[in-house]
Amino acid sequence: MRAFRPMPPQVDLPALEHEVLARWRDRDVFARSLKQSADGPLWTFFEGPPTANGKPGTHHVEARVFKDLFPRYRTMKGFHVPRRAGWDCHGLPVELEVEKRLGFTGGKKDIEAYGIAEFNARCRESVEEHVDEFNRLTERMGYWVDLDEAYWTMNAPYVESVWWSLKQIYDKGLLVQDHRVTPYCPRCGTGLSDHEVAQGYYDVTDPSVFVRFPVTSGPLAELGAALLVWTTTPWTLISNTAVAVHPAVTYTVVRVDGEVLVVAEPLVAKVFGDTPVEVLRTMAGSELEHTTYDRPFDLVDIPGAHYVGLADYVTVDDGTGLVHQSPAFGAEDLLVARRYGLPVVNPVTLDGHFDASLPLVGGLFFKAADAPIVADLEARGRLFRRENYTHSYPHCWRCDTALIYYALPSWYIRTTEVKDRLLEENKRTRWYPETIKHGRYGDWLNNNIDWALSRNRYWGTPLPIWRCSGNEGEGAHLTCVGSLAELSALSGTDVTHLDPHRPYIDDVTLTCPQCSTTATRVPEVIDCWYDAGSMPFAQWGAPHRNAEEFERAYPAQFICEAIDQTRGWFYTLMAIGTLVFDRSSYETVLCLGHILDEQGRKMSKHLGNVLDPFELFERHGADALRWFMLCGGSPWSSRRVGDRALEEVVRKVLLTYWNTASFLVLYANANNWQPSSAAPHYSDRPALDRWALSQLHAVVAEVDAALDDFDSARAGRALAAYVDDLSNWYVRRSRRRFWDGDPSALATLHECVEVLTRLLAPFVPFVTDEVHERLVRDVDPSVADSVHLRAWPAVDDALVDVELGEHMALVRRLVELGRAARADAAVKTRQPLARAMVSAPGWSRLPAVLREHVADELNVRALDTLDPAAAGTGGDLVDVTAKANYRALGKRFGQRTPAVAAAIADTDATVLAAALRTGGSATVTVDGEAVTVGPDDVVVSETPRAGWAVAAAGGETVALDLELTDELRRAGVVREVIRLVQEARKAQGFDVSDRIELWWEAEGETAEALAEGARPLAGEVLATTVTHGRPNAPLADHPVPELGLTFWLRPIG
RNA sequence: GGGCCUGUAGCUCAGCUCGGUUAGAGCGCUUCCCUGAUAAGGAAGAGGUCGAUGGUUCAAGUCCAUCCAGGCCCA
């Protein structure tokens, strides 16, 4: 016969987790969970690869917990859920990390001096190092994902897949070279990422100039009007290409001081102040479209330009509402220029100086050109006004040079060409929460702009385009290569084993298939977000390798990341899927809120409020952190995490659960009980057992439904409530049956804990597996050797008893009221009372066995019905009040509800209540009209008067008879002594089943009580003898001065 | 500047889909009580203009509008 291993009530959860981890490794549980589900329906999940550029933080744990829960849940439901880890290896974040480590401050110059081969080798090392830490994190937190077969975006097969996809896009004519405006440091010779730019903002004072652009066509020209244009970057006027106005803003043509100017109507007062203006006419901005003007400078050639265009981004907050456009130096300007097919002319060279051949500004640093430009405008009568303007402007965080927004040639994917397809794909995607779909994400798609794909950097997937030398510039032939094998064929050398990174790939040249001249690779690498978005196929190396596996697992049924990925991974996945396969790569997406610190701030290195996940694991356990993330609030709202929240999880949920199991083991072993022991059929078990099972199956249904809807918090609430019900009601009320080894109670609790363990397993995989091991596996080797290999519990509708649930809820409410009444009267529960009287709807239908629980919890000898109408049952003790039930009345009476409610209040409550009780209805008078109301329309409360301890709430009343007889008092003393002896047993470390001998000495009422109550006392404290008198052995005495009592005890044997 | 999310007790959060008159729970605090598993449990108390204003309605934390604050993303 196998006994359960003893389960200490106190447990070191982090230590336990390490043991469980070792067992998972030994038994290869994760791999077996996949193997055993291999024939089940496939449920596909894609892992979003974290960027391996720093230590993993607590926010990484968040997404990974959710990415673990749902696959575990689905696996238990019989689905096959393969999951492969992935690492995002490329990109500027990695480069910056390495630059910092190498002590570089000079940007690209330092890297090139160091050597690209060496630099990229350092990047690779850095990635490998950080992936090691992510592996540790992943394992420790219990995130089951295949780490051995992880995809790395820097591996050659992955890069080849990415190339293949780019070639598909290229072949569709959607991968093109164009210009892109980026914040650019002219000293370092590099563009800066947003993140870098954000670090270098500070206030500077620039000239703010209003310039006249005389109109040269149309009716405005006849008026001799000039557009009044405002800018804070006079140096960009050299390359003025157009003027933008807002189509919906009203523009005014005014005569001021004898000249005619065009200004946005809302800005007239601001621009001209007190100067009198004469409004000649007004027009919508859209009417100004294509109005030509005489440009401010004629130093560079800009063909086909210089007219008014429309742009929604124009505001009337500052300036004149007419915005000067210089497409090479402004992102919005460039967009406008694109739409109108305007040329992008850039007179500033890469070092930030104007082309030396230009008059006026030739060779000047761009900022230094402001002064001569403003002077020249003034000299030519073009300057309307000049002011100084202080604003925030970005500078290079490395060298403090003012940044220039600068158009660099760049490679684009024309995502705008497939925008409609993207919108359609989004339409059929299920978003959690739903609002993202048409809100944040839908919005982003609607404003889709072409994807700027290239980066002028080093550590990234090289753009697989080779340009021939046959024709200069635009006319050169381009060759896009889709694999190393293809590259081998084109280059005539075997490069299938080449590292496809810079600088090695740069050395591969090929013969242009069109003109036979030598072609070399373009220098750019690609945006690492493209790498990540390629994972659906690239994780397999598809289609070059594992094409079938890819086909089977596309698209994913489920992906899950935090909300910042809407414009990141969620977008690139959908965009690449749609571009390459004409189908988004996922069907359902769970979008998480962010984890914040205890002050509600985002966690960031900068603020120093980052919580080290490993410390949290060792302090509270991974289960605690998992439960908090999953159940501490809605998945999609942001939540604050801290030690205190985790301590609460441990105490309230994990330890309560553990202790319930520990309790079961204690009494199962004490009574030689096993799961195989005979137990009564469900229907023959006591109501309390049937209630526990009924609640259990209601919870199974609730958790199942909640997880189906990806609402882990809702599931967690149901589970936590059940843990509490089980521990603090079922076990509490059943204790005596456990002491007696009642097989019904033991079987019921075992079943409840066992099913609960399976429900909890995907949430808190460690502690549940340990409980499963001890409670199930140890005593039945035929069961799977991990809870994670078990099936998800099925709901047994036959066990769900709704009426019983309602009855028990009433019992618990009445107990609460009784306790409140006792507390109010300052009569402790240990003091038995003769009776309690109850008045509550449903009380008459409450089965006797359930009434017993009320009596027992309240320690009263009898329960009576409080009936104000019947003499001798408390009628003289109660006040009756009747209140309208608005919900019921509102449906029937609508607008007259308050009048009916008032009528009910005006009617004598005793009469009303009596009528409702005897006749089932009552009549009240509303505005002289008789209205019939039923029992549901009125909430009757009966409140006993003085002399009783009473508590009432929501129409339910419990009254305690406080009169104490000597017999009751003595029974109270016995119960007091029982508790003291129990406390002494516990303090001396006796086992719960140890028998003892007991001696006592006392006087007066205490002596009387103990003499009378020796038998119950002996039974309760497991005493084989209860002796009045001192022991003759030297035992420690237990004095109780309040009772005039001293007792002694010792264990037998 | 735009879009979205959030705002309920000192703190963490339910409740809002589908409106019902005493707005709940946990943590923390005070006082009691219970204890034959528990780091637990229970009762009472203190603690709320349910972000603000207006509207719809017999009735608004809940529906509508506007505004404010914080967050996220974008500019």
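Each chain gets a letter, A, B and so on, in the order the sequences are listed, and its residues count up from 1. Computed from heavy atoms alone, side chains included, the values below leave out hydrogens, waters and symmetry copies. Everything numeric in this text was worked out from a predicted model, so none of it was measured.
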Margin query: With a 4.0 Å limit, can you tell me whether A/R887 has a side-chain N or O closer than that to the phosphate oxygens OP1/OP2 of B/G20?
Written below: yes
Do any side-chain nitrogens or oxygens of A/R830 fall under 4.0 Å of OP1 or OP2 in B/C34? yes
Donor/acceptor link under 3.5 angstrom from A/Q982 side chain onto base of B/G36: yes
Looking only at B/A75, B/C27, B/U35, the nucleotide nearest the A/E648 side chain is B/C27
Exactly one of A/T415, A/D527, A/T572 clears side-chain hydrogen bond (donor to acceptor under 3.5 Å, both in side chains) with A/W451, and that residue is A/D527
Nearest heavy-atom approach of A/L960 to A/A836 is CD2-CB, 3.6 Å
| Hey, is A/R774 close enough to A/E770 for a salt bridge, meaning N to O under 4.0 Å? | yes
Report yes if a side-chain nitrogen or oxygen of A/K652 is closer than 4.0 Å to either non-bridging phosphate oxygen (OP1 or OP2) of B/G41; otherwise report no. yes
Looking at A/V767, is its backbone amide N or carbonyl O close enough to the side chain of A/D623 to form a donor-acceptor pair, meaning the two atoms are under 3.5 Å apart?
yes
With stacking defined as ring centroids separated by under 5.5 Å and planes differing by under 30°, is A/Y886 stacked against B/A59? no
| said: Tell me if the side-chain of A/R735 makes a donor-acceptor pair with the base of B/U38, cut-off 3.5 Å, by modelled atom types. | reply: yes
With A/Y441 as partner, the option from A/I563, A/V589, A/I436 fulfilling side-chain contact (heavy atoms from CB on, under 4.5 Å) is A/I436
Among B/U38, B/G15, B/C34, the one nearest any side-chain atom of A/R717 is B/G15
**Asked** Within the modelled atom types, does a donor on one side and an acceptor on the other bring the side chain of A/T656 and the base of B/A39 under 3.5 Å apart?
**Response** no
Which of B/C33, B/G36, B/A39 is nearest the side chain of A/E1020? It is B/G36
### Query
Contact class for A/T566 vs. all strands (heavy atom < 4.0 Å): base, sugar-phosphate, or nothing?
nothing
Among the nucleotides B/G36, B/C58, B/U38, whichever has the atom closest to the side chain of A/Q895 is B/C58
Nucleotide N/O of nucleotides 4-8 of chain B paired with protein N/O under 3.5 Å:
none

**Message:** Using a heavy-atom cut-off of 4.0 Å across all strands, would you classify A/E816 as base, sugar-phosphate, or nothing?
**Reply:** sugar-phosphate
| query | Looking at A/E976 and A/R979, does any basic side-chain N land under 4.0 Å from a carboxylate oxygen? | reply | yes
Out of B/U35, B/G26, B/A37, minimum distance to the side chain of A/N659 belongs to B/A37
field: Phosphate OP1/OP2 of B/U38: any A/K986 side-chain N/O under 4.0 Å
entry: yes
Stems of at least 3 consecutive Watson-Crick or G-U wobble pairs (donor-acceptor distances under 3.5 Å) involving RNA chain B, listed by first number, are B:1-7 with B:68-74, B:10-13 with B:24-27, B:29-33 with B:41-45, B:51-55 with B:63-67
Tell me, with the steps shown, if A/E702 and A/R717 meet salt bridge (charged side-chain N to carboxylate O under 4.0 Å, His left out). CA-CA 10 Å; A/E702 168 73 2; A/R717 273 196 297 279; over 6 Å; no
message: Quiz question: by atom type and distance under 3.5 Å, do the side chains of A/Y432 and A/D711 form a donor-acceptor pair?
response: no
Of the candidates B/C33, B/A75, B/A40, the side chain of A/E332 sits closest to B/A75
| said: Using a 4.0 Å heavy-atom cut-off, does A/V731 contact any base of the nucleic acid, only the sugar-phosphate backbone, or nothing at all? | reply: base
Distance-only, no hydrogens or angles: does the A/W729 side chain make a donor-acceptor pair with backbone N or O of A/A692 under 3.5 Å?
no
Which of B/A40, B/A14, B/A43 is nearest the side chain of A/R651? It is B/A40
Review point. Can you check whether A/K828 has a side-chain N or O nearer than 4.0 Å to OP1 or OP2 of B/C33?
Key: yes
